[in-house]
Student: 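Please see the structure below; I have some questions.
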Amino acid sequence: MAAERCAGGRPRGRRVAAVSLVALAALATGCEPGTAEGAQDVPPPVRATQAAAPTPSPFLTAPAPTTEDAKPSTAPPPSPSASTAAPAPAPTTARPAPEPSTAPPPRVLMRTGSESERVRELQARLRQIGHFGRNPTGYYGSVTADAVRSFQAKRRLPVTGSTDAVTWQRLLAMTRVPTAAELDPPTERPVAAPDERCLKGRVLCISKKSRTLAWMNDGKVVSAMDVRFGSEYTPTREGVFEVFWKSRDHVSTLYDTPMPYALFFSGGQAVHYSADFAANGYGGASHGCVNVRDKKKVAALFDQVKTGDKVVVSW
C-alpha cells in the first residue's frame with residue numbers, strides 16, 4: 001500500500017522517521033525536543049564520549065543556564081560557608097550603668113515661713129544644745145533657719161536650713177521635752193523695774209532700756225514680752241498715752257505691711273506683732289511702732305487690753 005502523503009507532497013512515513021531521529025538526538029544531548037517544520041536533514045546521533053555539543057537548532061528550545069547569573073534576582077544569597085563566615089562578636093564584659101536612686105527625699109516638716117507650736121518646740125530644743133540663742137517665738141525665720149543649718153552641719157546631715165523628718169528625729173534623740181518655761185519664757189532680757197507711772201491701773205509699761213513690755217494691773221506683772229522700736233529716723237515716741245483703737249488684722253496703709261493685733265496709742269504708732277522681728281530679731285527696726293515677736297503672747301495681750309487703757313513708753 002502506497003504511503004500516505006501530506007500537503008507538502010512527501011510521504012508521511014519518512015517525515016515521522018525524521019522527527020523520531022531528531023527527538024532521539026535531543027535526548028542524547030540533554031535538550032528538550034522542538035517541533036520540526038518542513039523537510040530537514042537529521043544529524044547523526046552523538047556518541048556519549050564526544051565532548052562537543054550538538055549544533056543548536058533554531059527550532060529547539062535552549063536549555064536553562066546553570067550559572068548563578070541565571071537565578072532570579074529575588075532569590076536569597078547563598079549561605080556563607082564555615083570558612084568564609086564572619087566570626088561572632090565576643091561577649092561584652094562592660095557592667096551596666098547603675099540606675100539612679102528613686103528613693104524620695106525626707107519629708108520637710110518645717111521651713112522658713114512656718115508658724116506653729118512645733119516651731120516653738122524646735123527652737124526650744126535647739127536652744128538646749130546651743131544652736132538657738134534667743135527665746136522661742138513659734139515663727140520659722142532666718143535666725144531659726146541658720147540655727148537648723150548649724151545643727152545639720154555638725155551632725156553631717158544635708159545642710160538645707162529646713163527641718164525634714166531626718167533632722168527632726170535626730171534633734172529629738174539629742175534633746176528632752178522642753179518645759180513650759182523653756183517654751184514660753186517671760187522675756188529674753190530681764191524686765192526692767194517699772195516706771196512709777198505704771199504702778200496704778202491697767203498699763204502697758206514699755207521700757208526702751210530693757211527692750212521689754214510688761215502688761216501690768218495695779219503694779220503686778222500679768223505678762224511680759226520682748227519688743228523692739230523704731231530707728232533713729234523713725235523713733236518711737238516716749239510719754240504717757242492710751243489705747244484709742246484696736247485692729248486685729250491691720251495692714252499699714254503707709255508701708256503696706258501686716259500689723260496683726262495692733263493696739264494704737266499715738267497716731268500711727270501701735271503695739272503689734274512683727275513677723276520680721278520674729279525672723280530677724282534685733283537686726284532690724286520698726287517705723288516707730290512697738291514690735292512684738294511672740295505672736296502667741298501678743299494675741300493674748302490683744303484680747304485682754306481695752307480701749308482707754310494706759311500706755312507708758314519710757315527710757
Side-chain angles (χ1 to χ4, degrees), residues 112-115 119 123 127 132-147 161 185-195 197-198 203-216 221 223-302 305 309-315:
T112 300
S114 300
E115 192 169 8
V119 173
Q123 294 165 337
R127 188 172 187 179
F132 191 74
R134 59 183 56 188
N135 289 348
T137 63
Y139 182 83
Y140 204 120
S142 59
V143 175
T144 304
D146 288 343
T187 58
E188 187 172 305
R189 292 176 171 83
V191 178
D195 187 285
R197 294 171 291 182
C198 301
V203 185
L204 288 172
C205 193
I206 302 169
S207 171
K208 287 186 173 180
K209 183 178 181 179
S210 65
R211 299 181 180 179
T212 60
L213 180 154
W215 167 232
M216 302 183 68
V221 177
S223 64
M225 56 205 72
D226 297 319
V227 293
R228 74 177 183 181
F229 307 96
S231 67
E232 61 175 312
Y233 303 104
T234 56
T236 303
R237 291 184 282 272
E238 298 174 14
V240 179
F241 312 92
E242 67 178 33
V243 176
F244 67 89
W245 183 33
K246 295 173 61 176
S247 180
R248 184 180 297 273
D249 299 308
H250 192 76
V251 177
S252 172
T253 56
L254 184 61
Y255 300 104
D256 194 29
T257 54
M259 299 171 55
Y261 308 107
L263 301 167
F264 287 91
F265 62 87
S266 177
Q269 295 188 354
V271 175
H272 68 84
Y273 170 71
S274 169
D276 181 75
F277 183 28
N280 301 312
Y282 290 102
S286 74
H287 293 101
C289 290
V290 179
N291 291 163
V292 182
R293 66 181 176 188
D294 193 318
K295 192 173 185 178
K296 181 180 179 181
K297 287 186 177 181
V298 75
L301 180 69
F302 182 88
V305 172
D309 286 342
K310 186 189 296 185
V311 179
V312 176
V313 182
S314 64
W315 183 257

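Please read all numbers here as calculations on a predicted model, not as lab measurements. Residue numbers run from 1 in the order of the sequence given.
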Student: Do you know the tightest heavy-atom contact between Ser207 and Phe229?
Tutor: O-CZ, 3.6 Å

Student: Would you compute the distance between atom CZ of Arg127 and atom CG of Asn135 and round it to the nearest 0.5 angstrom?
Tutor: 4.5 Å

Student: Does the cation-pi check pass for Arg293 over Phe277, that is, NZ or CZ under 6.0 Å from the six-membered ring centre and within 45° of its axis?
Tutor: yes

Student: Would you compute the distance between atom CD of Glu238 and atom CH2 of Trp315 and round it to the nearest 0.5 angstrom?
Tutor: 7.5 Å

Student: Do Leu204 and Trp215 pass the side-chain contact (heavy atoms from CB on, under 4.5 Å) test, and can you show the C-alpha distance, the side-chain angles, and the key distance before you say yes or no?
Tutor: CA-CA 5 Å; Leu204 288 172; Trp215 167 232; 3.6 Å; yes

Student: As a quick check of understanding, evaluate side-chain contact (heavy atoms from CB on, under 4.5 Å) for Met225 and Leu301, giving each step before the final call.
Tutor: CA-CA 10 Å; Met225 56 205 72; Leu301 180 69; 4.2 Å; yes

Student: Checking Gln123 against Thr144 for the side chain to side chain donor-acceptor pair (under 3.5 Å) test, could you report, in this order, the C-alpha distance in whole Å, the side-chain angles of both residues, the deciding distance, and whether it holds?
Tutor: CA-CA 7 Å; Gln123 294 165 337; Thr144 304; 3.0 Å; yes

Student: To the nearest 0.5 angstrom, please state how far the NZ atom of Lys296 sits from the CD atom of Glu115.
Tutor: 12.5 Å

Student: Rounded to the nearest 0.5 Å, what separates atom CG in Asp195 from atom SG in Cys205?
Tutor: 6.0 Å

Student: Answer yes or no: is there an ion pair linking Asp309 with Lys246, defined by an N-O contact shorter than 4.0 Å?
Tutor: no

Student: Nearest 0.5 Å please: distance from the OH atom of Tyr261 over to the OG atom of Ser274.
Tutor: 14.0 Å

Student: Do you know which two heavy atoms are closest between Cys289 and Ala270, and how far apart they sit?
Tutor: CB-O, 3.1 Å

Student: Just verifying a value: how many Å separate Leu213 CG and Asn291 CG, rounded to the nearest 0.5 Å?
Tutor: 11.5 Å

Student: Considering all heavy atoms of both residues, which atom of Ser286 and which atom of Thr234 are nearest to each other, and what is their separation?
Tutor: O-OG1, 3.2 Å

Student: Please determine if Lys295 forms a cation-pi arrangement with Tyr139, meaning its NZ or CZ atom is less than 6.0 Å from the six-membered ring centre and no more than 45° off the ring axis.
Tutor: no

Student: Show the nearest heavy-atom pair for residues Pro235 and Gln269, with the distance to one decimal.
Tutor: O-NE2, 3.0 Å

Student: Walk me through whether Lys297 and Asp226 qualify under salt bridge (Lys or Arg N to Asp or Glu O under 4.0 Å).
Tutor: CA-CA 10 Å; Lys297 287 186 177 181; Asp226 297 319; over 6 Å; no

Student: Should the pair Phe264 and His250 be assigned to parallel (<30°), tilted (30 to 60°) or perpendicular (>60°) ring geometry?
Tutor: perpendicular

Student: Do any N or O atoms from the side chain of Arg197 and from the backbone of Val312 form a donor-acceptor pair under 3.5 angstrom?
Tutor: no

Student: Please evaluate residues Ile206 and Val271 with respect to the criterion side-chain contact (heavy atoms from CB on, under 4.5 Å), reporting the C-alpha separation (whole Å), side-chain torsions for both, the decisive distance (0.1 Å), and the verdict.
Tutor: CA-CA 10 Å; Ile206 302 169; Val271 175; 4.0 Å; yes

Student: Please report the shortest heavy-atom distance between Tyr140 and Gly161, naming the atom on each side.
Tutor: OH-O, 2.6 Å

Student: Which atoms form the tightest heavy-atom contact between Pro260 and His272, and what is the distance?
Tutor: O-CB, 3.4 Å

Student: Set out, in order, the CA-CA distance, both residues' side-chain angles and the distance that settles side-chain contact (heavy atoms from CB on, under 4.5 Å) for Val240 and Lys310, then state yes or no.
Tutor: CA-CA 7 Å; Val240 179; Lys310 186 189 296 185; 4.0 Å; yes

